[in-house]
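Let me begin by presenting the structure, written as structure tokens, before commenting on it.
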2 protein chains.
Amino acid sequence: MARPNRTKVALLGFLSWGPMSGYDVRKLIDGSISNFWSESYGRIYPMLAQLVDEGLASVEKTESDGGRPRNIYSLTDAGRSALREWTEDPTAPSQLPRDERLLKLFFSAGVPPETTIELIERFVVELKETQEHYAQIRAQLEAAKDAPLDQRYWLMTLRYGETQREAELAWCEEVLAELRAMASD
Amino acid sequence: MARPNRTKVALLGFLSWGPMSGYDVRKLIDGSISNFWSESYGRIYPMLAQLVDEGLASVEKTESDGGRPRNIYSLTDAGRSALREWTEDPTAPSQLPRDERLLKLFFSAGVPPETTIELIERFVVELKETQEHYAQIRAQLEAAKDAPLDQRYWLMTLRYGETQREAELAWCEEVLAELRAMASD
DNA sequence: ATTTCCATGTAATGAGTTACATGATTGC
DNA sequence: GCAATCATGTAACTCATTACATGGAAAT
């Protein structure tokens, strides 16, 4: 696990909560870390198979217990220690950001300010929707009274998103004021 | 240009400033938008060839004007209107964020708070380095007195990064306070 | 009846990094 | 003479999304 694949560690993390299916993982992600993470089925299912190949997880096929057969994955000891190894490492790769909205803004001198105002106003709408989404995540995370220690960490990650979105909204107001002044010249 | 490739529009944008080589583009990026964008040679050179294929740019090989021959690319009219089409469109795809540091924090209940404190402290160091980098970019952008309209947009994008990093630093202080309280229990 | 949700998976496609190969020129 | 910089490009690899295919069960 020199530089483990990101999907891999995400799956190890969720499986550490208990045995579950790929479908379950996806739903858990949507309800907890969609704030800063996403996974597609196209990655989840192949990666689960890979975890089994590598001995980090085991799979049990539940045949006909009512619904359609499901594949339930559990961490092995090797999986648990791989997860531990990753969480204990205090480094994180700095990701190269690529923000298409900012790229557009950067090259906007050639279009009328009104166009750029709309670009930013759409961003504001999106940000407010995101904030509402965060409120739902917050409700879900705060409901987990049975895992108080985990919960504190979860709320830290949520708080990160909340403060970032707030700062973005403040920036939007600043930029909109400038653009509107430019438009009225 | 339904959903143009991101590298493509970035190249169109820089070429709109005047004819230049792939090498030049890379250096310009580093000095202006490394704040929120990056391109590797492995993308730049093939994409420049593709632009020529598509009639969006033309290339002129400068043979032996002193140094090693360079390939200088210029926008065609088609290239200019493709860029215009993109900048005039006030939409931007919302990118799915994947923050490995936050993922690690999310799953940190199983490791001692000291480990997580180090994770955040490293983040603080990185953020301060980034802020210094921004100061250099600011100096470069503010030096461009010959393009005052462009400059206003450039500074808006820079200001975005500055406010985001500030908010991150404030979040780090908050989280560090909580983690230190947890560590001293 | 039909839509929605559960559930798993594959194939096609795109995007992007990193490492490598090459070789000239400039500055020390 | 040697290192750094200029300059272009390719190949291998990784990573990830999207669309598609399949089909059962539950709800309306």
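Naming convention: chains lettered A, B, ... in sequence-line order (proteins, then strands); numbering from 1 in each chain.
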Quick one: which protein N/O atoms are closer than 3.5 Å to N/O atoms of nucleotides 9-11 of chain D? Pair and distance per line, please.
unit_1 : atom_1 : unit_2 : atom_2 : d
D:dG9  : OP1    : B:N71  : ND2    : 2.9
D:dG9  : OP2    : B:N71  : ND2    : 3.3

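The cationic atom of B:R165 (NZ for Lys, CZ for Arg) does not lie both less than 6.0 Å from the six-membered ring centre of B:Y134 and within 45° of the ring axis. A cation-pi arrangement is absent between A:R70 and A:Y23 under the rule of less than 6.0 angstrom and at most 45 degrees off the ring axis.
Whole-Å rounding puts the A:I44 CD1 to D:dA16 P distance at 12 Å. The nearest whole Å value for the distance from the CD1 atom in A:I72 to the P atom in C:dT8 is 7 Å. Atom CD in B:Q50 sits roughly 12 Å away from atom C1' in C:dA15 (whole-Å rounding). For the pair B:M47 CE and C:dA15 P, the computed distance is 7 Å after rounding to whole Å. In this structure, B:K8 atom NZ and C:dG16 atom P are separated by 12 Å, rounded to whole Å. Rounded to a whole Å, the CZ atom of B:R70 is 9 Å from the C1' atom of D:dC6.
There is a side-chain donor-acceptor pair under 3.5 Å between A:E39 and A:W37. In this model, no donor atom of one side chain and acceptor atom of the other lie less than 3.5 Å apart for B:S74 and B:E60. Between B:Y41 and B:R26, the side chains place no donor N or O within less than 3.5 Å of an acceptor N or O (distance only, hydrogens not considered). There is no side-chain donor-acceptor pair under 3.5 Å between A:Q136 and A:E132. Residues A:Q164 and A:E168 have side chains that never bring a donor and an acceptor to within less than 3.5 angstrom of each other.
The salt bridge (charged side-chain N to carboxylate O under 4.0 Å, His left out) contacts involving residues 9-18 of chain B comprise nothing, where partners must be two or more places apart or lie in separate chains. Residue pairs that meet the ring pair (Phe, Tyr, Trp, His ring centres under 6.0 Å) test with at least one member in residues 140-185 of chain B, sequence neighbours left out, are A:F106-B:W154, A:Y160-B:W171, A:W171-B:Y160, B:W17-B:W154. Judged as a salt bridge (charged side-chain N to carboxylate O under 4.0 Å, His left out), the pairs with a partner in residues 141-155 of chain A (not counting sequence neighbours) are, in order, A:R138-A:E142, A:R152-B:E178.
A sub-4.0 Å separation between OP1 or OP2 of C:dT17 and a side-chain N or O of B:S40 is present. Listed pair A:T7 / D:dA16 meets the phosphate criterion, a side-chain N or O lying under 4.0 Å from OP1 or OP2. Checking the phosphate oxygens (OP1, OP2) of D:dT14, no side-chain nitrogen or oxygen of A:N5 falls inside 4.0 Å. Taking side-chain N and O atoms only, A:R6 has a distance below 4.0 Å to OP1 or OP2 of D:dA16.
Of the residues in residues 24-39 of chain B, those placing a heavy atom less than 4.0 Å from an atom of DNA chain C are B:S38, in numerical order.
Across D:dC15, D:dT8, C:dA15, the shortest atom-to-atom separation from the side chain of B:S21 is found for D:dT8. Checked against C:dT17, D:dT5, C:dC5, the side chain of B:Y23 finds its nearest nucleotide in D:dT5.
The bend of the helix from C:dA1-D:dT28 to C:dC28-D:dG1, defined by the angle between the axes of its first five and last five pairs, stands at 30° to the nearest 10°.
In terms of heavy-atom proximity, B:R122 sits nearest to A:P90 at CD-O, 3.2 Å.
A donor-acceptor pair under 3.5 Å is absent between the side-chain atoms of B:D53 and the main chain of B:Q50, judged by distance alone.
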